[in-house]
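As a basis for the values below, the full set of heavy atoms in this structure was taken, side chains included, without hydrogen atoms, waters or symmetry mates.
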Amino acid sequence: MTLRISPLWWPGLALSSPVLVPWLYKRNRLFRQNIEKADRLNHKRINEASLLDLPELEYLDITVLVEWYAKDGFLSDAGVSYLFKTNMGALLMDVGFGPERPALSHNAEKLGFHIDHVDALVISHLHPDHMGGLKGRKTNHVIVPEALLPSAPIPCFLPDHAQCPGFEPHVVSTPMILPSGMATTGPLARSLFMFGFTEEQVLVARIKDKGLLVFTGCGHPGLKTIFDMTRTLSDLPVHTLGGGLHFPISDGRGNRIGIRFQTIIGTGKPPWQRITDQDLDQALTEINTMQPKQLMLSAHDVCDHSLDRIEHGTQAHTKILLAGETYRI
């Protein structure tokens with residue numbers, strides 16, 4: 001079994017235990033309270049939601065700006081950024097680690113992309129690998145590389161309150177249609193031990209003659225919650241499930257200083273518990289219940305072991321998203 005924290009850290013952890021253990025105890029109490037809060041809130045939101053009049057899109061293209069795996073000539077990273085183009089417009093979902101790492105700027109330049117090309121920016125959730133880096137998370141700012149800032153402010157749709165320099169921030173509170181004809185589920189909650197109470201919105205689109213696209217940033221609210229909301233918003237079948245599902249079972253992405261951070265934080269469990277194949281089994285059950293025809297999976301928060309299990313544990317045609325590639329739904 002892979003160690004999540006290098007033994008080199010163990011003496012320091014032991015020495016800090018008089019401070020660390022009480023902190024973990026208090027954090028765990030809040031974590032448990034937030035689990036109940038998230039469950040109540042999601043139940044209320046789903047019950048209050050109703051069918052959305054989703055426009056029928058003639059086509060939908062997804063160009064991947066940032067991902068863990070990349071085509072030759074493109075940079076990879078443990079963050080994500082996706083460009084969605086439809087016959088009704090375009091929007092950008094997430095900005096990876098923003099200016100803190102070179103992937104977004106490099107790949108955008110190589111693709112000839114600029115934010116002026118889109119009608120809106122959507123941030124799935126306020127974590128560093130989606131909102132523009134650790135500084136962005138610390139200061140609660142969405143941070144975009146300066147060269148990519150829009151020449152005039154465009155909307156930035158957020159699942160929770162944050163500052164968005166260069167954009168017009170709009171906090172989404174309920175499901176709604178977005179520019180480009182896509183929709184957001186509105187915020188769905190999850191209690192995360194390190195990140196705290198987390199709100200994440202998921203994109204939904206209706207594709208002509210196919211059904212629904214459901215696309216996540218990390219899928220933190222869990223597939224059951226996401227699918228329950230999707231079924232409330234539309235009675236059409238899910239044709240494509242895409243994005244991140246956060247299953248770093250055998251390893252995490254972007255490990256640093258001897259710590260496999262993804263296996264410890266963002267899993268919906270306290271740090272002394274691992275995310276397991278049994279947890280993935282539950283997700284596979286949800287996927288197989290919805291029976292999507294296609295999976296377009298992000299590897300930025302899903303290990304290769306989990307990707308392989310998902311591909312072989314469902315009947316859906318599976319693609320692993322690559323930075324620099326464009327996919328048509």
Could you check whether R206 pairs with E56 (Lys NZ or Arg NE/NH1/NH2 to Asp/Glu carboxylate O, under 4.0 Å)?
yes
Hits for salt bridge (charged side-chain N to carboxylate O under 4.0 Å, His left out) against D39, two or more places apart or cross-chain, chain-then-number order -> none
Cluster check F74, Y69: I/L/V/M/F/W/Y, side chain < 4.5 angstrom
no
State which residue, out of D304, D129, D301, fulfils the salt bridge (Lys or Arg N to Asp or Glu O under 4.0 Å) condition with R253.
D304
Could you check whether K208 makes a cation-pi contact with Y59, meaning its NZ or CZ is under 6.0 Å from the centre of the six-membered ring and within 45° of the ring axis?
no
With no hydrogens and no angle check, just 3.5 Å: does a side-chain donor-acceptor pair link D116 and S151?
yes
Between R32 and E36, does at least one N-O distance fall below 4.0 Å, as a salt bridge requires?
no
Go through the structure and list residues passing side chain to side chain contact (heavy atoms under 4.5 Å, CB included) with K210, not counting sequence neighbours.
I207, H239
Close side-chain approach of F215 and L241, heavy atoms under 4.5 Å
no
With R256 as the cation and F261 as the aromatic partner, state whether NZ or CZ is under 6.0 Å from the six-membered ring centre and within 45° of the axis.
no
Is the side chain of H305 donor-acceptor paired with the backbone N or O of C303 at a distance under 3.5 Å, no angle test?
no
Result of checking H127, H130, R190 against C218 for side-chain contact (heavy atoms from CB on, under 4.5 Å)
H130
Does a side-chain N-to-carboxylate-O contact under 4.0 Å join K224 and D228?
yes
Does K269 make a cation-pi contact with F193, if we ask for NZ or CZ under 6.0 Å from the ring centre and within 45° of the axis?
no
